[in-house]
There are 2 protein chains.
Amino acid sequence: MGLTRSEIFTDEQNQLSTLLKAIAHPARIAVLQRILISNTCICGDLVEELGLAQATISQHLKELKTAGIIQGTIEGVSVCYCINPKTWKLLEEQLGTFFGSYKGETSCC
Amino acid sequence: MGLTRSEIFTDEQNQLSTLLKAIAHPARIAVLQRILISNTCICGDLVEELGLAQATISQHLKELKTAGIIQGTIEGVSVCYCINPKTWKLLEEQLGTFFGSYKGETSCC
DNA sequence: ATTTTATATCGTAATATTGCGATATAAAAT
DNA sequence: ATTTTATATCGCAATATTACGATATAAAAT
């Protein structure tokens, strides 16, 4: 026990939860907001701007990258991270479907 | 170490990450989808439908309730859970702002 | 009053996440 | 060739999450 039983859920449910999990951390939200605003991002800036250690930021960037939410290319000494448009749109769509299926306040409780 | 340093992030960033975390699990996504479809929900149904133990489902429902995403009222022997419209709209809005700030594929990498 | 039914809580084991110092890597500048 | 600069990875401790059996609770049926 102690590990999520992915096998009993649909691929869509697992995929959506994986993407949401990648975003569900204040540091990673902050990183994404920063990337979204500047449309460009260098890791070094984040280390100064957020108050986390360089190793920690690097780890959060890796998680976002592994989930496919951001992508990075080496640019000389530094690395340029930006949004992965494909995954971003996919997630936006999935969330749209999810939230769209709410039929308003005809609640029972 | 080992615990999220919430104090260095904004209230909005922390709130959004908390709500996303509550949703970022396939079982809880499945539960929400079930509630959204039927606009009503009883825990017992879920135990049969998903393949998780009763204690586990109850725990997931509690997490969704604690986050304010669902609300429940006792109805005789069973409990009726449904979406909390206030939080649902709040999250939808926050996500709208978040995803809306993406300025398209003028990516650098 | 007792049993049944539906849900919640407790306790616990397995696993995952978070954060960071230390160290590695690798390109650029000297 | 060596040093500097930017980022990644390793190893580890602290904490959180996931799942479930066992047990508690509490209303409904008998």
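All of these numbers come straight from a predicted model, not from anything done at the bench. The figures here come from the full heavy-atom set of this structure, side chains too, leaving out hydrogens, waters and symmetry mates. Chain letters run A, B, ... following the sequence lines, proteins first and then strands; every chain starts at 1.
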State, to 0.1 Å, how close A/P26 and B/T4 come at their nearest heavy-atom pair, and which atoms those are. CG-CG2, 3.8 Å
Measure the spacing between CD1 of B/I23 and NZ of A/K21 and express it to the nearest 0.5 Å. 14.5 Å
Take atom CZ of A/R5 and atom C1' of C/dA16, then tell me their distance rounded to the nearest Å. 18 Å
Roughly how many Å is it from CG in B/L52 to C1' in D/dT17, rounded to a whole number? 14 Å
Can you measure B/I74 atom CD1 to D/dA28 atom P for me and round it to whole angstrom units? 10 Å
Closest to side chain of A/S78, choosing from C/dG19, D/dA8, D/dA6: D/dA6
Got B/E63 and B/H25 here, is their nearest side-chain heavy-atom distance under 4.5 Å? no
If only side-chain N and O atoms of B/Y81 are considered, is one of them under 4.0 Å from the OP1 or OP2 phosphate oxygen of C/dA6? no
Over how many whole Å does the gap from B/Q54 atom CD to D/dA22 atom P extend? 13 Å
In which ranges does DNA chain C form stems of 3 or more consecutive Watson-Crick or G-U pairs, distances under 3.5 Å? C:1-30 with D:1-30
Find the distance B/D45:CG to C/dT7:C1' and express it as a whole number of Å. 13 Å
Other residues, nucleotides and ligands only: do more than 12 of their heavy atoms fall within 6.0 Å of CD1 on A/I74? no
Taking side chain to side chain donor-acceptor pair (under 3.5 Å) as the definition, give me every residue that meets it alongside B/K62, ordered by chain and number, with sequence neighbours left out. none
A/F98: ring pair (Phe, Tyr, Trp, His ring centres under 6.0 Å) partners, not counting sequence neighbours: B/W88
Would you jot down, in residue-number order, the residues of residues 56-67 of chain A having a non-hydrogen atom under 4.0 Å from DNA chain C? A/T56, A/Q59, A/H60, A/E63
Single-linkage hydrophobic cluster, 4.5 Å side-chain cutoff, B/L50 and B/I37 together: no
Would you say A/E12 has more than 12 foreign heavy atoms packed within less than 6.0 Å of its CD? no
Whichever of B/T4 and A/G44 has its nearest DNA chain D nucleotide further upstream toward 5': A/G44
Base, sugar-phosphate, or nothing: which does A/A53 touch, judged by heavy atoms less than 4.0 Å apart? sugar-phosphate
Output the residues of residues 18-31 of chain A in contact with DNA chain C, where contact means a heavy atom of the residue under 4.0 Å from an atom of the strand; sort by number or write none. A/K21, A/H25, A/R28
Nearest to side-chain heavy atoms of A/V79, which nucleotide of C/dG21, D/dC20, D/dT7: D/dT7
In whole angstroms, how far is the P atom of D/dA19 from the CG atom of A/L3? 8 Å
Which residues satisfy the side chain to side chain donor-acceptor pair (under 3.5 Å) test with A/S101, sequence neighbours excluded? none
Measure CD1/A/I8 against C1'/D/dC20 and give the value in whole Å, please. 12 Å
Verify the cluster assignment for A/I42 and A/I69: are they in a single hydrophobic cluster under the rule of side-chain heavy atoms below 4.5 Å apart? no
Going by heavy atoms in the side chains, are B/L19 and B/Q94 under 4.5 Å from each other? no
Nearest non-hydrogen partners of A/Q13 and B/I29, listed with the distance: O-CD1, 3.7 Å
